[in-house]
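Below is one structure, written out as structure tokens; the observations come after it.
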Amino acid sequence: MKTPNRQHQGHHPNRLLPFVSWMREVSLSTLRMDLVAGLTVAVVVIPQAMAYAMLAGLPPQYGLYAAAVTPAIAALWGSLRQLATGPNAIMSLLVFTTLTPHAQAGTERYIELAFTLSLLVGTIYLVVGLLRMGFIMAFISHATVKGFSSAVALIIISTQLPHLLGVTVSRHEDGYGFLVELLSRLPYTHPLTLAVGLASFALIHGLKRTWPHFPAALVALVLATLAVHYFGLADKGVAILGAVPAGMPGFHLPRLELDLMAPLLGSAIVIALVSFAETYAVGKTISEQTKQKVDVNQEFIGQSLANLVGAFFQCYPVSGSFARTAMGYAAGARTGLAAVFTAAAVILALLFLTPLLASVPRAALAALVISAVVLLFHPREVFALWRKNRHDGVVAVAVFALTLMIKPDYALLIGVIISLVLFLWVSMHPRIVRMAWHPKHKAYLNAEPLDAPCCPQMTILRVDNAIYFANAEYTMEHILQKVDAFEEEVSAISDCTLRYLLLDFKGVGFIDITGVDELRILLDDLRTRNVELILISLHLPVRQVFASTGLLQELGEQHIFTSYHEAMESLQGHLDHDACCRECPYSETEEANPSCHGPLSGER
């Protein structure tokens with residue numbers, strides 16, 4: 001994932017009331033567009049919210065509570081106007097896997113812990129936003145997210161299969177035990193339940209392919225509910241939601257269990273990172289189309305307030321939804337009022353439509369969830385990373401496998417650690433290449449793949465990384481190895497001796513004290529060989545470190561140049577020109593210089 005620092009992170013005109021900045025732009029035209037977009041999203045979020053609540057191990061009304069309370073708060077206090085916040089599949093699964101070790105799903109204690117988890121997630125968001133620490137999102141790489149989301153999609157699908165098949169499977173700590181029991185229950189599949197589920201899935205999938213913006217999920221649920229009602233399928237064993245309490249959620253103080261705060265806090269941190277990774281991806285995608293400047297830290301505050309307020313109104317953790325945000329934007333959403341209209345529509349459904357929800361079959365809701373998360377399953381992308389970049393491939397495949405084998409939140413943390421370890425490994429072994437003048441391209445290029453000849457009296461090496469404590473010793477040793485190899489190569493074909501080592505520091509933007517100390521050791525070693533060290537293209541921060549440590553004086557300004565051209569003009573008078581005339585590798589080329597048989601007079 002690209003670092004959030006690339007996005008705008010400046011202050012909003014009013015950080016306490018950020019919506020004031022876009023409220024001035026509201027007109028009858030934008031109001032009408034926001035109303036249409038808000039109602040369009042509401043048609044989708046109502047059935048999804050119930051389905052995702054079931055996935056989280058909660059009664060369906062808690063999904064509606066989350067969809068009614070949180071969208072408007074996140075939109076008004078966030079930075080992205082079109083962001084649709086609410087229940088989603090990945091967040092719901094993480095809530096389920098986090099809380100099931102501590103309480104039985106659906107029980108009063110479990111529900112209270114869900115509110116506590118929302119409170120913790122909101123608090124984490126708030127701390128990150130207020131301290132302007134949005135840069136932490138840079139630690140979750142694209143490879144980690146791809147591997148995690150694809151594996152989570154499989155897990156979510158597996159959790160919905162019992163509802164689709166009409167069987168009961170006990171709780172398991174690992175996926176293997178769950179699958180074994182599910183397979184053993186296959187002979188007890190309820191045919192009518194399976195028929196309702198498959199028909200719902202086929203209808204949703206077919207309508208989405210034909211009319212992508214059509215409310216396929218709502219139509220499927222309505223038809224499945226009518227079928228249950230008119231054919232008496234509930235009496236024939238098809239599981240339904242049952243009575244859904246009417247009315248808005250009241251104010252409720254979460255009951256905190258202090259002995260569980262420590263284990264829940266660790267999971268809350270992971271949930272916050274995962275959910276915001278999706279929110280950030282949504283924001284980045286939409287902002288590229290709308291040209292909005294996304295303030296990552298303000299978005300953390302918006303998500304924080306949504307979860308904090310939600311925790312006191314019986315909501316479980318929520319985050320931005322990619323699918324619903326894209327749907328709202330396509331329907332014409334222009335400001336945060338679209339999310340306000342969505343919330344209002346859900347509130348009306350809670351007040352007046354709950355009696356109609358009692359006959360909704362659970363198999364149809366399972367089909368809705370499966371159809372939604374299938375879009376997250378991209379195994380080809382995971383394994384394609386292996387071909388494109390081996391390190392990213394290792395991370396993606398490892399996270400994918402670990403997510404299926406252990407708790408998803410642990411797998412994500414391990415993925416972040418693997419990414420950082422691989423990054424450190426690369427930075428600890430910087431690329432050092434030998435440069436040479438290439439007559440055809442008229443430039444100094446990597447000599448090895450081009451098999452370009454080099455002046456026997458000097459070698460040019462380019463360092464392509466910062467030099468710091470973890471790689472300083474390796475860098476200098478690698479440079480000496482390159483020098484040794486060059487001297488052996490020259491001695492085999494020429495009587496010339498190496499006189500200059502030119503280090504191109506264009507790729508070195510930082511060096512620490514350890515790097516300076518190792519560079520001094522290199523300098524001493526070269527002096528024992530009667531080889532002078534020349535530095536080219538020093539960046540200002542590196543030059544300042546050299547000056548403050550005294551290395552600049554030790555080297556002398558006569559050994560530091562701004563370009564190859566400047567270095568070659570200065571060194572030309574100090575080379576053995578007789579040797580040049582006898583043995584210069586450029587003597588047979590059209591680029592030969594009449595005075596020295598080489599491009600020592602400049603880069604041309």
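With rounding to the nearest 0.5 angstrom, the CG atom of Leu179 is 10.5 Å from the OG atom of Ser184. In this structure, CG in Leu260 is found 12.0 Å from CG in Leu265, a value given to the nearest 0.5 Å. Here the straight-line distance linking atom OH of Tyr125 with atom CG of Leu273 works out to 8.0 Å at 0.5 Å rounding. To the nearest 0.5 angstrom, Leu99 atom CG is 5.5 Å from Leu117 atom CG. To the nearest 0.5 Å, atom SG of residue Cys315 and atom CG of residue Leu58 are 10.5 Å apart. Residue Leu165 holds its CG atom at 6.0 Å from CG of Leu194, rounded to the nearest 0.5 Å.
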query: Passes side-chain contact (heavy atoms from CB on, under 4.5 Å), Leu55 versus Thr159? Steps please.
result: CA-CA 8 Å; Leu55 175 61; Thr159 62; 3.3 Å; yes
- request: Could you walk me through whether Ile46 and Leu64 pass the side-chain contact (heavy atoms from CB on, under 4.5 Å) test, one step at a time?
  value: CA-CA 7 Å; Ile46 290 172; Leu64 293 175; 4.0 Å; yes
query: Does the side-chain contact (heavy atoms from CB on, under 4.5 Å) test come out yes or no for Trp22 and Leu76, once each step is laid out?
result: CA-CA 10 Å; Trp22 53 259; Leu76 293 175; 3.8 Å; yes
query: Given Glu257 and Arg109, is the side-chain contact (heavy atoms from CB on, under 4.5 Å) satisfied, shown in steps?
result: CA-CA 10 Å; Glu257 296 187 28; Arg109 182 167 181 255; 2.9 Å; yes
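For Tyr62 and Tyr316, the gap between ring centers reaches or exceeds 6.0 Å.
Taking the side chain as every heavy atom from C-beta outward, Met248 and Gln314 never approach each other to under 4.5 Å. Contact check for Val121 versus Gln303: no side-chain heavy atoms found under the 4.5 Å cut-off. Using a 4.5 Å heavy-atom cutoff, the side chains of Ile418 and Val421 are not in contact. Between Trp386 and Val394, the closest side-chain pair of non-hydrogen atoms falls below 4.5 Å. No side-chain heavy atom of Thr168 sits under 4.5 Å from any side-chain heavy atom of Arg185. When side chains are defined from C-beta on, Val41 does not count as touching Phe341, because their heavy atoms never get closer than 4.5 Å. In this structure the side chain of Leu353 never reaches within 4.5 angstrom of the side chain of Leu357, judged on heavy atoms. Residues Leu368 and Ser200 are not in side-chain contact: their nearest non-hydrogen atoms beyond the backbone lie 4.5 Å or more apart.
The aromatic rings of Phe251 and Phe313 lie perpendicular to each other, with more than 60° between the two planes, well past the 30° mark.
Between the side chain of Asn297 and the backbone N or O of Leu131 there is no donor-acceptor pair closer than 3.5 Å. At distances below 3.5 Å, not a single donor-acceptor pair connects side-chain atoms of Thr98 with backbone N or O atoms of Val95. Side-chain N or O atoms of Ser319 include none that pairs as donor or acceptor with a backbone N or O of Phe276 at under 3.5 Å. Side chain of Ser92 to main chain of Tyr52: a donor-acceptor pair is present (N/O by atom type, distance under 3.5 Å, no hydrogens or angles). Panel note: side chain Ser304, backbone Phe300; no donor-acceptor pair is recorded below 3.5 Å. Put simply, the side chain of Thr342 gets close to the backbone of Ala338: a donor and an acceptor are under 3.5 Å apart. With Gln298 contributing its side chain and Trp77 its backbone, the two residues share a donor-acceptor pair below 3.5 Å.
Glu299 and Leu80 make their closest contact through OE1-N, 3.0 Å (heavy atoms, listed as atom of the first residue, atom of the second, distance). Heavy-atom minimum distance, Ala37 versus Gly328: CB-O, 3.5 Å. The shortest heavy-atom contact between Gly320 and Leu83 is CA-CD1, 4.1 Å. Of all heavy-atom pairs between Ile204 and Ala216, the closest is O-CB, 3.8 Å. Residues Thr144 and Val399 approach most closely at O-CG1, 3.7 Å, considering heavy atoms. Summarising the geometry of Leu241 relative to Arg362, their closest heavy-atom pair is O-NH2, 4.0 Å, with the distance given to 0.1 Å.
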List the atom pairs, donor and acceptor, that lie under 3.5 Å between side-chain atoms in residues 147-157 and the rest of the protein, sequence neighbours left out.
residue, atom, partner, partner atom, Å
Ser149, OG, Val145, O, 2.9
Ser149, OG, Lys146, O, 3.3
Ser150, OG, Lys146, O, 3.2
Ser150, OG, His378, N, 3.1

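Every residue two or more places apart in sequence or in another chain that forms a side-chain hydrogen bond (donor to acceptor under 3.5 Å, both in side chains) with Thr193 is listed here: His190.
For Asp34 and Thr335, the side-chain atoms include at least one donor-acceptor pair closer than 3.5 Å. For the residue pair Thr325/Gln82, the side-chain donor-acceptor check at 3.5 Å is not satisfied.
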